[in-house]
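To keep things clear, I will list the structure first and then write my remarks on it.
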2 protein chains.
Amino acid sequence: MKLLLAEDDKQLVEFLRPRLQRSGYTVEWSNNGIDAEFMALEENFDGIILDLGLPQKPGLEVLKNWREHHLTTPVLILTARDSWQERVDGLKAGADDYLGKPFHFEELSARLEAILRRHFGQLDNSLDFEGLTLDTEGQTVTSATGETHQLTAIEFRLLRHFMLNPNKIISKTELSEQIYEEEQLKDSNVIEVYINRLRTLLGKSWIKTFRGQGYRLSAP
Amino acid sequence: MKLLLAEDDKQLVEFLRPRLQRSGYTVEWSNNGIDAEFMALEENFDGIILDLGLPQKPGLEVLKNWREHHLTTPVLILTARDSWQERVDGLKAGADDYLGKPFHFEELSARLEAILRRHFGQLDNSLDFEGLTLDTEGQTVTSATGETHQLTAIEFRLLRHFMLNPNKIISKTELSEQIYEEEQLKDSNVIEVYINRLRTLLGKSWIKTFRGQGYRLSAP
DNA sequence: TATCAACCTGAAAATACCCTGATATACAAT
DNA sequence: ATTGTATATCAGGGTATTTTCAGGTTGATA
């Protein structure tokens with residue numbers, strides 16, 4: 001899950017970023033409206049946190065522009081104060097939810113997860129596929145046989161992406177884009193290594209290799 | 001599915017090409033208007049992505065010329081920015097859809113598939129023909145008897161082309177063009193070998209040989 | 001029915017890609 | 001600092017896919 005955090009208050013960014021990462025998100029960051037607008041159109045984010053008070057280009061305009069481009073990524077807007085007007089405008093422009101500053105991280109996290117769940121069709125904090133259950137809060141996976149494993153950050157991100165796209169061949173490029181913030185490393189076999197780890201956790205046959213194409217999660 | 005990507009921004013090409021290929025397209029590329037115009041008239045593309053800001057010959061003229069030659073291939077144009085005028089001109093000149101830069105690959109993919117579907121009738125996650133079902137996301141084929149087989153990259157491309165053109169005789173040249181970017185099939189019998197392989201997977205009688213002409217997919 | 005080109009097919013060879021255990025590095029916690 | 005855990009790198013062996021090859025089969029034509 002890759003998030004775009006469009007916020008110019010550096011202190012707030014430094015507060016949010018590590019917490020979001022710990023929650024299992026990959027976080028990219030932009031401190032102005034123009035960059036934010038561009039990045040969201042270029043890259044493949046799963047969710048966006050957008051401060052309406054961004055410099056260079058007002059958040060509202062950025063948001064409108066995204067929606068005109070048919071970008072459906074869920075957007076949570078941060079409004080500077082209890083400006084009722086701003087929130088209404090934001091929702092009209094296509095925001096999925098809003099949050100007034102200041103806020104507690106827990107509240108942001110809850111609202112964010114809510115709009116992400118809504119968008120990806122999840123009802124609760126777990127993803128299920130053919131007997132596999134991924135607890136997205138505790139970052140654990142339970143296999144059909146009942147074994148539960150605690151996942152590391154990268155294992156979790158990988159597996160979640162598989163479980164959000166079951167029975168679909170996913171390329172290594174796509175996987176590494178889900179996991180890393182910056183551009184991908186050319187000749188590295190990290191993905192292969194983690195596929196290997198997931199296989200030892202879940203059992204060999206859940207993830208099938210398609211040479212030259214990618215990997216697919218399917219029933220064993 | 002063979003696409004022509006007419007775009008001079010090398011970075012964008014390097015971004016798009018692998019993603020398109022991963023989506024199952026064969027991608028040929030041209031970095032200027034003159035070559036693009038020629039290639040589209042010479043070769044048999046299923047779709048064209050045309051940047052209007054090409055060097056040597058403006059994309060709009062290229063497009064007009066194609067349509068005057070009665071080339072009906074679906075064309076998706078890329079406009080440099082939010083130029084309303086350019087888009088209107090593009091559609092007037094015979095484009096099927098437009099997309100303003102920058103854009104999100106998912107959006108391009110969606111629009112591309114939309115215009116291809118409009119043109120070819122069907123193109124979603126599964127192709128069906130007389131009981132055969134090809135899952136284009138998971139790259140599996142299910143025969144009438146219920147057996148499901150996983151396909152390798154080449155098997156998949158071949159079979160998809162057959163299922164997009166059922167009951168039609170397809171020459172070996174055309175088939176190899178679907179598989180390889182540059183066409184060069186001198187003294188090789190790869191196609192024959194893979195036809196053989198498909199027959200063992202589906203059953204002998206699905207693919208019929210027409211000596212000197214090609215092969216045809218039809219009900220057994 | 002003889003001939004020849006086109007096609008079929010099993011298997012081996014070539015290749016590209018992947019797996020995996022060992023090791024090194026980064027990072028966090030105590 | 002020290003320890004422990006997570007992540008990244010590396011290299012060599014392993015394997016599926018793709019290509020080639022060679023001998024057999026088929027069908028059109030005269």
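Every chain is numbered from 1, with letters handed out A, B, ... down the list of sequences. Computed from heavy atoms alone, side chains included, the values below leave out hydrogens, waters and symmetry copies.
- OP1 or OP2 of D:dT9 has at least one side-chain nitrogen or oxygen of A:Ser188 nearer than 4.0 Å.
- Of the N and O atoms on the side chains of B:Asp128 and B:Thr133, at least one donor lies less than 3.5 Å from an acceptor on the other residue.
- In this entry the distance linking CZ of A:Phe156 with C1' of D:dA6 reads 16 Å, nearest Å.
- Annotation: cation-pi pair B:Lys101/B:Phe103 absent, no NZ/CZ under 6.0 Å from the ring centroid and within 45° of its normal.
- One atom, CZ of A:Arg22, and another, P of D:dT7, lie 14 Å apart when rounded to the nearest Å.
- A straight line from CD of B:Glu155 to C1' of D:dT18 spans 10 Å, rounded to a whole angstrom.
- Salt-bridge check for A:Asp97 with A:Arg111: passed, with a basic side-chain N closer than 4.0 Å to an acidic carboxylate O.
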Completion exercise
Going 5' to 3' through nucleotides 10-30 of chain C and flagging B where a protein heavy-atom sits under 4.0 Å of the base, S where only the sugar-phosphate is that close, and - otherwise, we get ------BBSBB----------
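- Straight-line distance from the CD atom of A:Gln139 to the C1' atom of D:dA6: 13 Å, rounded to whole Å.
- Side-chain N/O atoms of A:Thr152 include one lying less than 4.0 angstrom from OP1 or OP2 on D:dT7.
- Spacing between atom CZ of A:Arg197 and atom C1' of D:dT7 amounts to 10 Å, rounded to whole angstrom units.
- B:Leu175 has its CG atom 17 Å from the P atom of C:dA6, to the nearest Å.
- As rounded to whole Å, 12 Å separates atom P of D:dT7 from atom CD1 of A:Ile191.
- Of the side-chain N and O atoms in B:Tyr180, none sit less than 4.0 angstrom from OP1 or OP2 of D:dT18.
- Both the sub-6.0 Å distance and the 45° axial angle are satisfied by B:Arg19 relative to the ring of B:Phe15.
- The CG atom of A:Leu198 sits 11 Å away from the P atom of D:dT7 (whole-angstrom rounding).
- A donor-acceptor pair shorter than 3.5 Å cannot be found between the side chains of A:Glu155 and A:His149.
- Side-chain contact check for B:Thr209 and B:Arg199: at least one donor-acceptor pair (N or O, by modelled atom type) lies under 3.5 Å.
- Cation-pi contact between B:Arg160 and B:Phe129: absent, since separation from the ring centre below 6.0 Å together with deviation from the ring axis within 45° is not met.
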